[in-house]
Amino acid sequence: MTPEDPPTAPIPAVPETSERPSRAARTREGAGRSAPRSGPRSRRRAGSGRRAEPAGHGHGHGHGPAPAVGRTVRRLLAALLVPCGLAVVVGLVLLAPSPSEYRAVLDGSHAAAAGSGAGTTTGAAAAVATQPLDGTVVRAGAEADCADPTLAVEAGAGCFPLQVRLDEGPASGRTIDTLLPGGPATPRFADGDAVVVAWSGGDPADASGYQVVDRQRGGSMLLLAGVFALAVVLLGRWQGLAALGALGITLLVLGLFVLPALLTGAAPVPVALVASGLIVAVVFPTIHGFSARTATAALGTVMSLGLIGVLALVFGGLTRLTGLDDSSTELIGVLGAGIDARGLLLAGLIIGALGVLDDVTVTQTSTVWELHRADPSSGTRELYAAAMRVGRDHVASAVNTLVLAYAGAALPLLLLFTLSGRGVGDLLTAEDVAQEVLRTLVGSIGIVAAVPVTTLVAAVVARSGRAPRPGRSALPRA
C-alpha cells in the first residue's frame, strides 16, 4: 500500500464471533415466523407428548367462557328432566287439596280439640284448641301454695301467681290473674316480660280462660333473620339475593303444598318426592340460572332422591318402625287415625336429605365445570378423577354433618337412654333412636351415591362441547 492510497480499516477477527449470534437471532426470528404456517403439524408434534398445553397457556388459564355443551347432550338432558317435571306437575294436581278441603280439616280439628277441653289439652292439641294473644307481665309473684283446681299439679305443690295485661284480643287492656304450676319444667317470668297468652275462646271476661304458655320472641327472631339475610347478600351479592328468594320459594312449597296435603290425608312419601322435585325445578334455576350445568346438578339430585326414597321405603319396612313419638301421637289424637306416622317419618327423611343433596350435587358440578374451564384439553376420565378427589372430602364432611345434626336433635333422648343403663345395641335399636339412625344412614347412602353419579354426568356433559384446539389462545386476536 502506498501513502497515496486511501487508508482502509483492518478487518479484525471480532466480526467472526459477532456473526454467529446474529445467525442465531435470525434463526429464532425465522422459527417464530414459520410457526403459524406449520401450525397443524406442530400441534400434532406437540400432541404426541404426554399432554398438550391447555388452551391459552401463554395468556393464563380460564379466559373466556367454558366450551359450549353439545346439542345432543342438551337434548338428552331435556329428555331425562322433562318427564321428571311432568311427573311433578301430575303429582301436584293429584295430591294438592282444594282450599275447601283444607279449611274443613282445620275447622274439624279445631272443634275436636276444643271439645276435649282446653284446660286438659297439651302440646299440639292445646295449640289447636286455643287462640294465642300477646300480653305483658305486670307482676310476677313468688312461689305459693297452689289453690287452682284446674291446674294438673299435686296437692300442696307450689304455684307462681302472675298478673298479665292483655295487649290484644276482645279484652285488650284488661289485667288478669293466673297461676303457673311449679316445677323444673315451668319457665320463670319477671315483671315486664312479653308473653303469649292462650285464650280458650270463651267469655273474654273470664280469667280462667287465659293461660300463659310462652314468651314472645318475634323481635329477636326477626333481628336474627335480618343478620342472616345481610350476611348472605354481602357475601353472595346478586346470587345471595337469589338464594334468599329461593329460600322463600322453599318455604312456600312447604306451607302451601306439603302441610295441606299431609293434613288432608295424602300419602307422605309421594308428597315429599313431589315437593322435592318442585323445589329442585324452581330453586336451582333461581339461584344458578338456566344452563347445562344447572340441569346436570338437578339430574344428579333427582337420581339421588329416587334412591333415597327407595331405601327409605325398604328399610322402613324391614325395621318395622312406626314413626310414633310425642308429636305424631298428639297429631293423631287431634286429626284421628288417618295419619300415617311411619310415612311422616320417611317423608321427613327425604325432605331433610334434600337440604344436603343440593349442596353436594351443585358443588360437584361446579367443580367439574371449573376444572374443564381451567384445562379444556383434559379428557372425561381426567375430569372425573380430579373432581372425585374433591368429592371424597366433601362427602366425608357431609356425612359427618348429618350424624351431628341428628345427634344434636336427639340429644335429650340419648341422655335418657344413657341414664337407663341400657347397652349400645338396645340404645340404637330402640324406636326413637332407630328413627334417627335410619335418617342418618339412608341419607348418607344417598349422598355417597350422589357424588360419583353427579360427577360422571357432569364430566360427560362438560366434555360434549367443542373445546378450543391446543396451542391456540383463548383470548380474541387483536
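From a predicted model like this one, the values you see are computed outputs, not experimental measurements.
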Is there a side-chain contact between [X] and [Y] (heavy atoms, below 4.5 Å)?
X	Y	answer
Phe257	Leu95	yes
Val274	Leu92	yes
Val451	Arg392	no
Tyr210	Val164	no
Leu166	Ser172	no
Thr136	Val195	no

Whether [X] side chain and [Y] backbone form a donor-acceptor pair below 3.5 Å:
X	Y	value
Arg463	Pro376	yes
Gln163	Arg139	no
Gln239	Gly236	no

Please report the shortest heavy-atom distance between [X] and [Y], naming the atom on each side.
X	Y	value
Val302	Cys84	CG1-SG, 3.9 Å
Ala292	Val461	CB-CG1, 4.2 Å
Ile308	Gly446	CG1-CA, 3.6 Å

CA sep, side-chain torsions, deciding dist, call: Leu346, Leu438, side-chain contact (heavy atoms from CB on, under 4.5 Å): CA-CA 9 Å; Leu346 302 181; Leu438 178 69; 4.0 Å; yes
Measuring from atom [atom1] of [X] to atom [atom2] of [Y], what distance do you get when rounded to the nearest 0.5 angstrom?
X	Y	atom1	atom2	result
Arg373	Leu371	CZ	CG	11.0 Å
Asp206	Ile176	CG	CD1	10.0 Å
Leu354	Leu305	CG	CG	5.5 Å
Leu86	Leu81	CG	CG	11.0 Å
Asp393	Thr363	CG	OG1	12.5 Å

Residue that, paired with Thr301, satisfies side chain to side chain donor-acceptor pair (under 3.5 Å) out of Thr361, Thr296, Thr454: Thr361
CA sep, side-chain torsions, deciding dist, call: Asp134, Gln216, side-chain contact (heavy atoms from CB on, under 4.5 Å): CA-CA 8 Å; Asp134 290 341; Gln216 295 183 34; 3.4 Å; yes
Neighbour count >12 (heavy atoms, 6.0 Å) for atom CG, Leu251: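 Count over threshold, so yes.
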Atom CZ of Phe315 with >12 non-hydrogen neighbours under 6.0 angstrom: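 Incorrect, the count does not exceed 12.
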Steps toward side-chain contact (heavy atoms from CB on, under 4.5 Å) verdict (Tyr384, Val460): CA-CA 9 Å; Tyr384 177 80; Val460 172; over 6 Å; no
Pairs touching residues 187-197 that satisfy side-chain hydrogen bond (donor to acceptor under 3.5 Å, both in side chains), sequence neighbours left out: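 Found Asp193-Arg215.
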side-chain hydrogen bond (donor to acceptor under 3.5 Å, both in side chains) contacts in which one or both residues fall within residues 263-275, not counting sequence neighbours: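 Sorted pair list comes back empty.
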Worked check of side-chain hydrogen bond (donor to acceptor under 3.5 Å, both in side chains) between Thr294 and Ser291: CA-CA 5 Å; Thr294 304; Ser291 64; 3.2 Å; yes
